[in-house]
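Each remark here refers to the structure printed beneath this line.
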Protein chains: 2
Amino acid sequence: MSLPVEQPQPLDRRSRRRMETIEEILDIAETLMTEEGVNGLSLSEVARRLGVQPPSLYKYFPSLMAVYEALFERGQRVLCEHVLAVMAATPPGLPALVAGLEASVRWGLEHQAVAQLMVQRPVPSFTPSERAMAPALEQWEAMRAALADAVRLGDLGPGADSDEALHVGITLIAGVFATAASNEPHLPWGTGRFTPLFPKLMELFPTLYPPARKPRRRH
Amino acid sequence: MSLPVEQPQPLDRRSRRRMETIEEILDIAETLMTEEGVNGLSLSEVARRLGVQPPSLYKYFPSLMAVYEALFERGQRVLCEHVLAVMAATPPGLPALVAGLEASVRWGLEHQAVAQLMVQRPVPSFTPSERAMAPALEQWEAMRAALADAVRLGDLGPGADSDEALHVGITLIAGVFATAASNEPHLPWGTGRFTPLFPKLMELFPTLYPPARKPRRRH
DNA sequence: GTCTATACTCCGATAGAC
DNA sequence: GTCTATCGGAGTATAGAC
């Protein structure tokens, strides 16, 4: 997805320091949203924790909404890279799909505040740009391709090569995320009442789209 | 659940007028949360729309948090009554369970703001009281009983008489609610990309808990 | 790029007259 | 039970000195 040269590093010390500050601002903002809710983000409090006066932040972000936008964009980008990497490291077809879905919901639970900003719309006055949305589309395309692979490899029946099957997957991970985040936000994956259900929920795919012949991956 | 005499009606005109005002305040608050987000609720704006000055509201509610509490309590109570009525009017066992789950998620989509207040915790400084929570427990107990019925009637295997199966149901409706509310909040039930998946998701129950013999309700 | 100072808006809540 | 007046605080954002 990205060539070896990610950022050509034409950055002088000044620019690099500036980017570090921006990242630091976003990290503080993320912590703050975790503690006070997504709507609890305020530039004054960020400035307080960063150790500067509020007006200084306007040298880095032109408005509060710009901070939300940057958080949204960074979240989508990081999540997408993570999910694509996990899927690429997993056997194609149904295993890759399941691994990608699990990686998504686990990342969401580890970054709950940003995840809420990304999937719900808790700040009505904020609407993400199309550019910030792009990684999400890329991620869904990858899962859509995994469904097609699953059909081709005989993991699932032909009906699974469909947007409907993708939406089933999205609905299932949304359910695990919502229940776990609301009821037991601090438990690690695999413990508690909801995240252990994930493997069982994945059985819905072969139920809804049964393959004609039995799956190939029988050792 | 309630005897014919619900409220003995010992209410004089004054008390009745007062209760009407309280309901009106809650209705306005609900509309406001729908428009501006759950956090967008403000007593000043409620007063503006009610046509009074902000201090007047303090004759009905001692604080903003008390309004949240009343909204939460009313939501739980109304939802619980609705779900229990639907389940009682449906054949017992798996059909009643599915009907109750569907009624829950449909009610949530028709009252999205209150539903978010009830299941997520978008206002960190607000914590509902145990009393306001009680109807929710009653509702889960009813669904738990429906699962037991389903096992007894042969709709599901013995493993379905479990909290785990209940959590599967909760996770599924949470997923439909989250995806539909976020992506297509204004579409009626049964249209769009997510709510039509509900019947398919319900197939997960017999998949996870297959009955020994085939279900009885073959006419 | 940081600061001080400030303008502006909004809110929750209380006191007290009527 | 309504109002006016007010306190006290929060926030976003801008202007301008250094």
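Residue numbers start from 1 in every chain, and the chains themselves are labelled A, B, ... in the order their sequence lines are given, proteins ahead of strands.
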Tell me what Arg17(A) touches on the nucleic acid: a base, only sugar-phosphate, or nothing, going by heavy atoms under 4.0 Å. nothing

Please work out if Phe61(A) contacts a base, only the sugar-phosphate, or nothing of the nucleic acid, heavy-atom cut-off 4.0 Å. nothing

Please list, chain by chain and in numerical order, all residues satisfying salt bridge (Lys or Arg N to Asp or Glu O under 4.0 Å) with Glu24(B), sequence neighbours excluded. none

Interatomic distance where CG belongs to Asn39(B) and P belongs to dA10(D) [whole Å]: 18 Å

Would you find a donor on one side and an acceptor on the other, under 3.5 Å apart, between the side chain of Thr34(B) and the backbone of Glu30(B)? yes

Does a salt bridge link Arg17(B) with Asp12(B), judged by any charged N lying under 4.0 Å from a carboxylate O? no

Would you be so kind as to tabulate the donor-acceptor pairs closer than 3.5 Å made by side chains of residues 54-65 of chain B, with sequence neighbours excluded?
residue	atom	partner	partner atom	Å
Ser56(B)	OG	Gln53(B)	O	3.3
Ser63(B)	OG	Met65(B)	N	3.4
Ser63(B)	OG	Ala66(B)	N	3.2

Those residues at least two apart in sequence (or on a different chain) that pass side-chain contact (heavy atoms from CB on, under 4.5 Å) with Glu35(A) are Thr31(A), Arg49(A)

Got a sec, which residues hit salt bridge (Lys or Arg N to Asp or Glu O under 4.0 Å) with Glu36(A), two or more places apart in sequence or on another chain? none

Please check this pair: side chain of Ser182(A) against backbone of Thr179(A), looking for a donor-acceptor N/O pair closer than 3.5 Å. no

Residue pair Leu71(A) / Leu26(A): nearest heavy atoms and the distance that separates them: CD2-O, 3.6 Å

Quick one: salt bridge (Lys or Arg N to Asp or Glu O under 4.0 Å) partners of Glu184(B), sequence neighbours excluded? Arg193(B)

Please report the end-to-end axis angle for the helix from dG1(C)-dC18(D) to dC18(C)-dG1(D), five pairs per end, rounded to 10 degrees. 10°

Polar contact flag, side-chain donor to acceptor under 3.5 angstrom, Arg48(A)-Ser44(A): no

Run the side-chain donor-acceptor check on residues 116-129 of chain A: report pairs under 3.5 Å with partners two or more places apart or on a different chain.
residue	atom	partner	partner atom	Å
Arg121(A)	NH2	Met118(A)	O	3.3
Ser129(A)	OG	Glu69(A)	OE2	2.6
Ser129(A)	OG	Ala132(A)	N	3.2

Stretch residues 62-72 of chain B: residues that reach within less than 4.0 Å of DNA chain D through a heavy atom: none

Nucleotides bounding contact with chain A, strand DNA chain C, heavy-atom threshold 4.0 Å: dG1(C) to dA5(C)

Residues of residues 42-55 of chain A with any non-hydrogen atom less than 4.0 angstrom from an atom of DNA chain D: list those, numerically ordered, please. Ser42(A), Leu43(A), Ser44(A), Arg48(A), Pro55(A)

I'd like a table of donor-acceptor pairs (distance under 3.5 Å, sequence neighbours excluded) in which one partner is a side-chain atom from residues 89-115 of chain B, with atom names and distances.
residue	atom	partner	partner atom	Å
Thr90(B)	OG1	Val86(B)	O	2.7
Glu102(B)	OE2	Arg106(B)	NH1	3.0
Ser104(B)	OG	Gly100(B)	O	3.1
Ser104(B)	OG	Gln139(B)	NE2	3.0
His111(B)	ND1	Trp107(B)	O	3.0
Gln112(B)	NE2	Leu109(B)	O	3.2
Gln112(B)	NE2	Pro185(B)	O	2.9

Residues in salt bridge (Lys or Arg N to Asp or Glu O under 4.0 Å) with Arg77(B), at least two apart? Glu73(B)

